[in-house]
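Scroll down for the structure; my scribbles are underneath it.
Heavy-atom basis, side chains included; hydrogens, waters and symmetry copies ignored.
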Amino acid sequence: KMSSLCLCPQRLADTAEDADLYHEYNASLQFDYFNALLVNTMDEEGNFIELGGEFPLEENEHFNKLSVNTLMSDIQVPTNVYNKDPDILNGVYMSEALNDVFISNFQKDPTLTWQYFGSSTGFFRLYPGIKWTPDSNGVVSFDCRNRNWYIQAATSPKDIVIVVDVSGSMKGLKMTIAKHTINTILDTLGENDFVNVIAYTDYVRYVEPCFKGTLVQADLDNREHFKLLVEELHVKGEAKVKKAMKESFRILADVTNGQGSLCNQAIMLITDGAMEDFQSVFEEFNWPDKKVRVFTYLIGRDMTFSDNVKWIACNNKGYYTHISTLADVQENVMEYLHVLSRPMVINHDHDIIWTEAYMDSILILLLMTSVAMPVFSKKKETLSHGILLGVVGTDIPLLEVMKLPPRYKLGAHGYAFLITNNGYILPSFMLKNVKLLEILLLGESYKS
């Protein structure tokens, strides 16, 4: 049974990679697809709107009486992604091949719930198809690339030090963009990752003094704690990036005793310019091996110091981006995930990941886990570039997983439990009691 659960994403990954291999990119492709936000929507004259169309939906007991289409998937696109961009159209067209596999998987294992493909370009193919509901402001903020299953499958565990310039030149909109950039980076981390946040002017300070000189697990509590502290940052003084970079390298060099992933290591430098002679820092701490990647984010419209900031990234196996508005943050931050995924993509490491348990937002009171796998480009002309196409996955109710242990071997008073690599335990008797489950989730006494 467990192997069959793992085979579902494997079938999806194989199909998506083959579909991409034989798909020839067409920059002028015209293609109508079912947009989950627009399906079954008509204009004033009674005609289906573009990318809408008639999309049959029926209540389904297995999906908590939600109206779904078990014969077809549809596409969700975040508001900040143009739904007719050539990259989106080509990706959607290519991934149509997944429909038959979605249906086949569900027929072979009716205990499955959602199956999906999250594209690196931002679209989300979901089976069974549904009508997507925007938030109260009419915005579709859901971005599959921010989801835990996507991030865990797309990259290996990470040690990240976020370094932010809080000198006087960062006042106003620049600081607002910088804070949003930090929060977005934090949102790309999970419980397998470790992180710290440093602010600098002419001296270095940790936003949380209790975490001085170390990394902490990037679980939900720590991420939210960092976000609150980042909001309190104020600008003053003159920027001296050299001290901050030295401190960041020291932290990453001293990762021991489980306080780090010991896998990917990176420094995220967020600044409006770097004026010092910082080459000596890299010569001392990072060259020639370049074990630590340095990603740089140039904040604001001023490009005076862009060459310096770009040089830092390019000479430390990182990536440089320029962020001039709040709208630029999301897409630019996501670029670092593509860079960190390259070694895995080039080696074609199709590792299957299981996420921590979570409460499904649609199928109420049902604890789920996601099984996901990365999808790579196999085209010869891009093989050495390490191109990540996206991540496929499926959601499985934990009740189904808990049925796997052989009950007759547990004894009269025995029970099974799940334990993750992060030490969180979920006993089986709690899964069977909904009231206890509610207390468990609200009280945060346990984590999956």
Side-chain angles (χ1 to χ4, degrees), residues 7-20 22-23 29-43 47-78 81 83-85 87-119 121-134 140 142-144 147 149-150 360-363 368 370-373 375 389-397:
L7 281 175
C8 290
Q10 180 70 66
R11 295 189 196 103
L12 293 170
D14 290 343
T15 302
E17 289 184 353
D18 287 343
D20 175 72
Y22 298 109
H23 171 71
L29 178 66
Q30 298 295 316
F31 175 65
D32 287 333
Y33 61 90
F34 287 109
N35 186 306
L37 182 68
L38 305 176
V39 293
N40 299 332
T41 303
M42 295 184 174
D43 58 23
N47 300 314
F48 288 111
I49 64 173
E50 191 176 23
L51 300 184
E54 184 177 1
F55 193 75
L57 297 169
E58 293 182 359
E59 283 190 5
N60 190 298
E61 289 287 340
H62 183 62
F63 292 90
N64 198 40
K65 294 186 177 180
L66 185 71
S67 294
V68 300
N69 185 329
T70 56
L71 298 178
M72 202 177 303
S73 61
D74 58 1
I75 303 296
Q76 179 268 344
V77 183
V81 176
N83 59 25
K84 297 196 77 173
D85 182 276
D87 288 343
I88 297 295
L89 291 178
N90 277 269
V92 171
Y93 181 81
M94 175 274 294
S95 63
E96 286 278 294
L98 292 172
N99 271 316
D100 290 341
V101 187
F102 286 144
I103 297 170
S104 174
N105 284 342
F106 189 52
Q107 290 173 344
K108 291 177 180 177
D109 187 355
T111 64
L112 295 176
T113 54
W114 308 110
Q115 299 178 67
Y116 38 82
F117 169 62
S119 167
T121 57
F123 75 83
F124 180 57
R125 180 178 288 278
L126 179 65
Y127 173 88
I130 63 169
K131 170 74 173 177
W132 201 278
T133 305
V140 180
F142 176 92
D143 190 324
C144 62
R147 310 306 292 179
W149 52 267
Y150 185 100
D360 190 283
S361 59
I362 301 176
L363 306 180
M368 310 285 282
S370 297
V371 188
M373 178 181 286
V375 178
L389 299 176
V391 172
V392 291
T394 181
D395 292 350
I396 301 167

I'd like to know if the side chain of Lys131 reaches the main chain of Leu37, judged simply by a donor and an acceptor atom lying under 3.5 Å from each other, with no hydrogens or angles considered. yes
Sequence neighbours excluded, the answer for side chain to side chain donor-acceptor pair (under 3.5 Å) partners of Tyr116 is Ser370, Asp395
Any idea which heavy atoms bring Phe123 and Ile75 closest together, and the distance? CB-CG2, 3.9 Å
Does the side chain to side chain contact (heavy atoms under 4.5 Å, CB included) test come out yes or no for Gln115 and Arg11, once each step is laid out? CA-CA 12 Å; Gln115 299 178 67; Arg11 295 189 196 103; over 6 Å; no
Sorted by chain and number, sequence neighbours left out, side chain to side chain contact (heavy atoms under 4.5 Å, CB included) with Ala13 holds for Met373, Val375, Val392
Of all pairs that satisfy salt bridge (charged side-chain N to carboxylate O under 4.0 Å, His left out), the ones with a partner from residues 91-102, not counting sequence neighbours: Glu96-Arg125
Distance col, row Ser104:OG vs Asn99:CG, nearest 0.5 angstrom, shows 12.5 Å
One should read off an interatomic distance between Thr111 OG1 and Phe106 CZ, to the nearest 0.5 angstrom, of 9.0 Å
Who pairs with Asn47 by side chain to side chain contact (heavy atoms under 4.5 Å, CB included), at least two apart in sequence or on another chain? Asp43, Glu45
For Thr15, give me all partners under side chain to side chain donor-acceptor pair (under 3.5 Å), at least two apart in sequence or on another chain. none
Just verifying a value: how many Å separate Leu57 CG and Ile130 CD1, rounded to the nearest 0.5 Å? 9.0 Å
Please list, chain by chain and in numerical order, all residues satisfying ring pair (Phe, Tyr, Trp, His ring centres under 6.0 Å) with Phe31, sequence neighbours excluded. Tyr93
To the closest 0.5 Å, what do you measure between NE2 (His62) and OG1 (Thr70)? 10.5 Å
Mind checking whether Asn105 and Thr394 have side chains closer than 4.5 Å, heavy atoms only? no
Sorted by chain and residue number, the side chain to side chain contact (heavy atoms under 4.5 Å, CB included) partners of Phe142 (sequence neighbours excluded) come out as Gln76, Phe124, Trp132, Cys144, Arg147
Heavy-atom side-chain proximity of Cys8 to Val371 below 4.5 angstrom: no
Under the rule for ring pair (Phe, Tyr, Trp, His ring centres under 6.0 Å), what residues qualify as partners of Phe55, not counting sequence neighbours? Phe34
Note, Val77 side chain near Tyr33 side chain (heavy atom, < 4.5 Å): yes
Can you tell if the side chain of Phe48 reaches within under 4.5 Å of the side chain of Leu38, non-hydrogen atoms only? no
Side-chain heavy atoms of Pro128 within contact of Trp114, under 4.5 Å: yes
Under 4.5 Å between any side-chain heavy atoms of Leu126 and Phe117, yes or no? no
Using the salt bridge (charged side-chain N to carboxylate O under 4.0 Å, His left out) rule, collect all pairs that involve residues 49-59, keeping only residues at least two apart or in two chains. Glu50-Lys84
State, yes or no, whether a side-chain contact exists between Val391 and Trp149 at a heavy-atom distance under 4.5 Å. yes
How many angstroms lie between atom OG of Ser119 and atom CD1 of Ile88, to the nearest 0.5 angstrom? 6.0 Å
With sequence neighbours excluded, residues passing salt bridge (Lys or Arg N to Asp or Glu O under 4.0 Å) with Asp85: none
Side chain to side chain contact (heavy atoms under 4.5 Å, CB included) partners of Asp14, counting only residues at least two apart: Gln10
Before you tell me yes or no, could you show the steps for Asp32 and Leu51 under side chain to side chain contact (heavy atoms under 4.5 Å, CB included), namely the whole-Å CA-CA distance, both residues' side-chain angles and the distance that decides it to 0.1 Å? CA-CA 6 Å; Asp32 287 333; Leu51 300 184; 4.0 Å; yes
Rounded at 0.5 Å granularity, tell me how far CG in Leu29 sits from CG in Leu89. 5.5 Å
According to the salt bridge (charged side-chain N to carboxylate O under 4.0 Å, His left out) rule, which pairs have a member within residues 63-75, sequence neighbours left out? none
